[in-house]
Amino acid sequence: MAIDFDTIAAISTPPGEGGIGIVRLSGAEALPIAEKVYKMGKKSLSAQASHTIHYGNIFHPQTGDKIDEVLVTVMREPTTYTREDIVEINTHGGIHVTNKVLQAVLSAGARLAEPGEFTKRAFLNGRIDLSQAEAVMDVIRAKTDRAMHNAISQLDGNLSELIREIRQEILETLAHVEVNIDYPEYDEVEQMTTQILKEKTQEAKAHLEQILETAQQGKILRDGLATAIIGRPNVGKSSLLNAFVRSDKAIVTNIAGTTRDIVEEYVNVKGVPLKLIDTAGIRETEDEVERIGVSRSRKAIDEAELVLLIFDQNQKLIEEDFELLDLTADKERLIILNKIDLEQKLDLNKLKEKLGDEAIISISVTEEKGIQEIENQIVDLFFTGQTGEKDATYISNIRHISLLEGAHQALEEVLEGIELGMPVDLVQIDLTRAWNKLGEVTGDAVQDELITQLFSQFCLGK
């Protein structure tokens, strides 16, 4: 049963020109409000069957001016996105006409929806839980097929199901603890011994660890892998970025110091979204603008999750090359030797001596050789080649990761309390905390302020 909210309206298509523009209404008065602005001969919109679409015209409710010819979709609760009556007015795509239709339905009694309010109503009316609601935005923002598949998996409730199973295990354990505390004289009631409590907690902890193991991959799928392309000037950094992007995104010349600022671009590498950062060549320079670029490059290295460190086979190793090796020693990195189509002047033995067991990927950007190997290495580093798994559910939302880590910590404290011989009723406090943390993921235990804050991040009309 849907909660009785007022009726909201918003434009649900992106601003700008397009084939259609959609104005969406949701609420108990969606149909009566739509009838005030829509005419379809003598037929009443409210008399039409659910999930049907109708041709007609939109008029301003006060002036009577015709705005546009439209198709109107009628969808009745509860089988709608919000579990409320929904009307969608399909106009000709365009900023002005779509806004005029929206103004008409607002004048007829609807209220302008807040960002994410349609999805918020779907959550509050029980059609989806909080983790599924958050997955809606992940679907919209997905940059690769793999990221979209993961978001849809969460939207389908796969993550919620895993969380609820763990939460149910904890709840049953808590129930046994309560029985043991409140009715210790009942011999026929199974006693919650310390050993059983320990075993149940270890099981729940192991299940959480399985989910958390996917956190790094999930975050990459959701936000992209921050990848800094670094090297001294003119080694081919911008050319490599252009090869990944498959366009001339970055300016390429033979003049050292051409790239003065960092250039960012998202690319799809075998289903893994890469946030590629082409940095200014790191070297000592008197040029003030270039020096600022070098400073930003160093910051990009610090923030990068992966570094592509490029050397030029056609240039001898110098002190700046070794400084870059030291600067990135603690980072996840790939060592790339570019320009293998040219004469080898670089002392490869000296480079290998510095690298130890690290592999070197030899490429020629101009001849498009070796790019595929870089892509394969990136996938192997972060997904061990498993990006094709269709049944995997990666946890990707930072809020979810934080809550699951909090629940995991609480379970560890349960086990520590048991080892220290603490009374069961005190250990129960940490077990309850784990249960509540998991409830915050799905929205079963969450504060109104958090719900408001989460949905404020959604786009208007969703």
Side-chain angles (χ1 to χ4, degrees), residues 115-116 119-120 122-124 126-144 146-171 203-226 272-273 275 305 382-383 386-387 389-413 430-459 462:
T119 305
K120 182 179 180 180
F123 164 68
L124 293 175
R127 196 183 73 80
I128 55 176
D129 65 30
L130 196 56
S131 67
Q132 290 174 291
E134 290 170 285
V136 171
M137 285 310 297
D138 290 345
V139 171
I140 294 171
R141 294 169 178 166
K143 301 172 182 67
T144 67
R146 191 67 191 87
M148 184 178 71
H149 174 80
N150 188 59
I152 290 174
S153 174
Q154 293 194 22
L155 183 59
D156 286 342
N158 291 354
L159 176 62
S160 303
E161 185 178 348
L162 292 173
I163 298 299
R164 288 199 171 97
E165 286 175 359
I166 300 172
R167 205 162 181 254
Q168 184 61 31
E169 290 175 12
I170 294 175
L171 183 62
E203 287 177 12
K205 180 170 168 282
H207 290 155
L208 275 183
E209 288 169 352
Q210 288 178 350
I211 299 174
L212 284 168
E213 282 177 1
T214 70
Q216 182 189 29
Q217 294 96 326
K219 184 177 180 297
I220 290 169
L221 288 175
R222 186 174 192 259
D223 301 326
L225 180 66
V272 179
K275 180 185 177 184
E305 296 165 293
F382 293 92
F383 286 83
Q386 300 301 313
T387 55
E389 287 187 0
K390 293 295 184 182
D391 58 345
T393 298
Y394 295 100
I395 178 172
S396 58
N397 187 294
I398 294 175
R399 187 184 76 88
H400 299 170
I401 294 170
S402 175
L403 289 169
L404 292 182
E405 287 176 342
H408 184 268
Q409 177 63 34
L411 293 177
E412 285 188 335
E413 290 174 11
D430 289 322
L431 196 59
T432 302
R433 181 158 58 90
W435 186 75
N436 284 328
K437 288 283 185 184
L438 295 175
E440 289 185 48
V441 175
T442 57
D444 294 316
V446 67
Q447 296 179 348
D448 291 342
E449 292 81 4
L450 175 62
I451 293 173
T452 300
Q453 191 272 331
L454 285 175
F455 285 103
S456 69
Q457 300 173 30
F458 280 50
C459 52
K462 190 57 184 173

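We're numbering straight along the sequence, starting at 1.
- A donor-acceptor pair shorter than 3.5 Å cannot be found between the side chains of Glu405 and Gln409.
- The backbone N or O of Leu159 sits nowhere less than 3.5 Å from a side-chain atom of Gln154 that would complete a donor-acceptor pair.
- Classification of Glu440 and Arg399 as a salt-bridged pair fails, no side-chain N sitting under 4.0 Å from a carboxylate O.
- Taking each heavy atom of Leu155 and Val136 in turn, the nearest pair found is CD1-CG2, 3.7 Å.
- Closest approach of Arg164 to Thr442, counting heavy atoms only: NH2-CB, 3.8 Å.
- Closest non-hydrogen pair, Ala407 versus Lys437, comes out as CB-CB, 3.9 Å.
- Taking each heavy atom of Ile395 and Ile211 in turn, the nearest pair found is CG2-O, 3.3 Å.
- Taking every heavy atom of both residues into account, Val441 and Leu130 meet most closely at O-CB, 3.9 Å.
- From Asp138, atom CG reaches atom CE of Met148 across 12.5 Å, with rounding to the nearest 0.5 Å.
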Q: Show your working on side chain to side chain contact (heavy atoms under 4.5 Å, CB included) between Leu225 and Lys275 and close with a plain yes or no.
A: CA-CA 5 Å; Leu225 180 66; Lys275 180 185 177 184; over 6 Å; no
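- Judged purely by distance below 3.5 Å, without hydrogens or angles, the side chains of Ser160 and Ser131 pair a donor atom with an acceptor atom.
- Atom-to-atom distance recorded for Phe382:CZ and Lys219:NZ is 11.0 Å, nearest 0.5 angstrom.
- For Ala410 against Asp430, the heavy-atom pair with the smallest separation is CB-O, 3.5 Å.
- Side-chain polar atoms of Glu134 and His400 form a donor-acceptor pair below 3.5 angstrom.
- Within the model, atoms CD of Glu165 and CG of Leu162 stand 6.0 Å from one another, a figure rounded to the nearest 0.5 Å.
- Taking CD from Gln132 and CG from Asn158, the interatomic distance works out to 9.0 Å, rounded to the nearest 0.5 Å.
- Arg167 contributes no side-chain N or O that, together with a main-chain N or O of Leu438, makes up a donor-acceptor pair within less than 3.5 Å.
- Of the residues listed (Ile166, Leu171, Ile170), the one engaging Gln168 in a side chain to side chain contact (heavy atoms under 4.5 Å, CB included) is Leu171, and it is the only one.
- Summarising the geometry, atom CG belonging to Leu212 is positioned 10.5 Å from atom NZ belonging to Lys205; distances are rounded to the nearest 0.5 Å.
- The CG atom of Leu411 sits 11.5 Å away from atom NE2 of His207, with the distance rounded to the nearest 0.5 Å.
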